[in-house]
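The chains referred to below are lettered A, B, ... by the order of the sequence lines, with proteins before strands, and numbering in each begins at 1.
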Amino acid sequence: MSLSPPEKIAEQARSLLNVEVAGESAAAAGGTEVVYELRDVHVHYGQALAVGGMNMRIHKNVITAIIGPSGCGKSTMLRTLNRMNDAIPGFRLTGEVLYHDRSIYERSIDPVEVRRRIGMVFQRPNPFPKSIYENIAWAPRILGLRADLEERVENALRAAALWDEVKDRLKQSALGLSGGQQQRLCIARALAIEPDVLLLDEPCSALDPIATASVEELMHELKRDYTQVIVTHNMQQAARVADRTAFFSLNVENGSRSGVLVEYDTTKKIFTSPGDQRTADYIAGRFG
Amino acid sequence: MTTTSSPSTTLLGAEDLNLRRRRLTDRLMRLSATAAAGVAVAVLAIVVGSVVIKGASALSIPFLTQNPAVGLGAVGGGIANAIVGSALIVAVGTAMALPLGILIALYLTEFATPRTAPPIRLVLDLLNGTPTIVIGVFIFGLLVVSHSQTGFAASIALAIIMLPLMARTTQEMLLLVPGDLRNAAHALGVRRWRMILGIVLPSALGGILTGAILAVARAFGETAPLLLCDSVFGNTTSLNIFGTAIPNIPMDIYRYSESGFPTDHARAWGAALVLIALILVGNLSARAMLARQRRRLAGR
């Protein structure tokens, strides 16, 4: 493919996506309150820089998508938001991650408490080998949310649009559910402890298109109550669900590769008139 | 460019000789490996077969439910006291080894650093390889010499033998618990020990029990430590584990086979059959449980 002017790339991107770009109004609609503010965040594993140059604000009740090629630090970025990286040997973070204006990497902050407030859904559905009911009820019971536990379980399953499918078999093993159901169960499990934010790490990559659609629909519904950040390698998905999109790219310097935040804007802007050539190339399917 | 000494390759021509030699070697290797596997099966079949043939005649309901007949060369009686005694000694030993073994395994999988884990695994493997007579002598010197033989001393010796087996199998099973499950629990803001108690241990429970059963089956047949710590006992059932030696199956087999009376020889074979049956049942049920456990963890 010959090099095209940016306008042409944007045109291609639109036709390639062939979907309605979400969130034209959302950035203006709800997303004024800042939930996360990242100030010059760099993440190292040992000596190697994994991802750097992260300056961005994540807004309340908005879906923020993180896109970019493999190895660009999308998941690492997501996991810095709830301190899931802490367990990885050699993990080091510089800069500031402010959550409602408080730095979550301060010494006085308990990472367990951070994770308690910020729910997470993983790439592969990972229900516990317990009953459907116990999958949801386990964490609230431990975390002292014992009152009206059954109601809490029902609400979580309803919020995850799973209640009607499982209400008659709550005592059966969660491993008997289909992949899409398992992933919605995992979302319900995260919602049951009433987090403020929901982080989704490629939640649909192990799902078929129908299950993917059900999860995406669910994300739209959860927008009213939750701030969501989704990592996805699927650009169409970002365009479908996200109000704002951050594009990460790979920097190759002296043979070492590290991720970098290239561009962060409304999804519409990123997909129709990206400000950076690398974003335009990625959107147009030129690499990654 | 240099040419090699092998003839040029054609599909059917020059290389035929080489090809035939290689095919022969291949067949020979396969044959000897298969034969070796056959030998293993044959040895087990011969041992079990001879025990069954020679022991079956001694086996009867009274043999399992009665204490030994009193008197040299006496007819009748059974080994009930030894079955009860063996079960008691092994049960007490298991009660000591199992919790400790699980805790060691938890340390290895959940808390140990890459620097502390390997030496501890090595120690466990060394302990596992320690001759049981050495463990027996150690307990003999520690508990028996200044006091007397007790069932409890035997229990401790068996516990030491079981400990590395239980710790290692439990560790292997804990490693099988998918990291995804740990992540899920972590992300819910649950404390580490809660995650271990609520998710990791229950997920691995079947495997842990399997390891325990295998270790118990091994302990049932251990003879060397019992020879030193628990071999002088009477003909009655005794539960006084801290005060006296407790009758047990391995020592019965040993004593009866040393005796000059043919009736005692029959008893030795009978006791051997009972022991081997217990161990076989334990092993097979453990394997069945293990298969179920693997399916449960993998089959998602």
Side-chain angles (χ1 to χ4, degrees), chain A residues 75 78-79 81-90 110-130 134-145 173-179 182 185-187 189-195 197-201 206, chain B residues 102 106-120 170 172-211 288-300:
Chain A
S75 288
L78 192 73
R79 283 155 182 260
L81 300 181
N82 70 340
R83 297 196 60 171
M84 279 295 279
N85 282 332
D86 287 25
I88 297 170
D110 182 351
V112 174
E113 189 56 28
V114 171
R115 290 181 211 123
R116 161 72 187 79
R117 298 275 160 226
I118 299 157
M120 186 163 196
V121 177
F122 295 83
Q123 201 165 343
R124 273 185 0 162
N126 54 0
F128 299 131
K130 298 174 183 284
E134 271 306 308
N135 258 278
I136 311 288
W138 183 70
R141 196 184 290 131
I142 283 175
L143 298 169
L145 306 167
S173 169
L175 300 181
L177 296 173
S178 73
Q182 285 189 7
L185 181 74
C186 292
I187 294 173
R189 181 174 66 188
L191 298 181
I193 57 170
E194 297 173 16
V197 180
L198 198 57
L199 307 177
L200 303 113
D201 189 357
Chain B
I102 291 176
L106 279 178
Y107 174 77
L108 280 175
T109 51
E110 307 291 331
F111 299 108
T113 63
R115 272 195 29 216
T116 55
I120 292 172
T170 301
E172 298 295 332
M173 291 319 295
L174 291 180
L175 286 179
L176 276 183
V177 177
D180 284 359
L181 293 183
R182 282 174 232 261
N183 278 340
H186 259 308
L188 288 167
V190 168
R191 297 266 163 213
R192 191 105 175 246
W193 68 274
R194 276 296 201 174
M195 172 191 81
I196 291 168
L197 279 185
I199 303 297
V200 176
L201 278 181
S203 301
L205 192 64
I208 293 170
L209 289 179
T210 306
M289 276 173 75
L290 190 69
R292 234 189 81 200
Q293 168 80 3
R294 280 183 204 278
R295 269 203 310 277
R296 198 171 150 222
L297 279 180
R300 36 168 59 204

B:Asn183 CG to A:Asn126 CG distance, which is reported to the nearest 0.5 Å: 7.5 Å
Can you tell me how far the CH2 atom of A:Trp138 sits from the CD1 atom of B:Ile199, to the nearest 0.5 Å? 4.0 Å
Is there any salt bridge (Lys or Arg N to Asp or Glu O under 4.0 Å) pair reaching into residues 183-192 of chain B, and which pairs are they, with sequence neighbours excluded? A:Asp110-B:Arg191
Separation between CD1 of A:Ile142 and CG of B:Leu188, rounded to the nearest 0.5 Å: 9.0 Å
By a 4.5 Å heavy-atom criterion (distance strictly below it), what part of A:Ile118 contacts chain B: side chain, backbone, both, or neither? backbone
Over all atoms of both residues, closest heavy-atom pair of B:Leu181 and A:Pro127: CD2-O, 3.2 Å
Qualifying residues under side-chain contact (heavy atoms from CB on, under 4.5 Å), relative to B:Ala187, sequence neighbours excluded: A:Met84, A:Met120, A:Phe122
With a 4.5 Å limit on heavy-atom distance, are the side chains of B:Val190 and A:Arg116 in contact? no
Pair B:His186-A:Val112, side chain to side chain contact (heavy atoms under 4.5 Å, CB included): steps then yes or no: CA-CA 8 Å; B:His186 259 308; A:Val112 174; over 6 Å; no
Indicate the atoms forming the closest heavy-atom contact of B:Gly198 with A:Lys130, along with that distance. O-NZ, 2.9 Å
Toward chain B, the part of A:Arg189 with a non-hydrogen atom under 4.5 Å: both
Do B:Asp180 and A:Pro125 come close enough that some side-chain heavy atom pair is under 4.5 Å? no
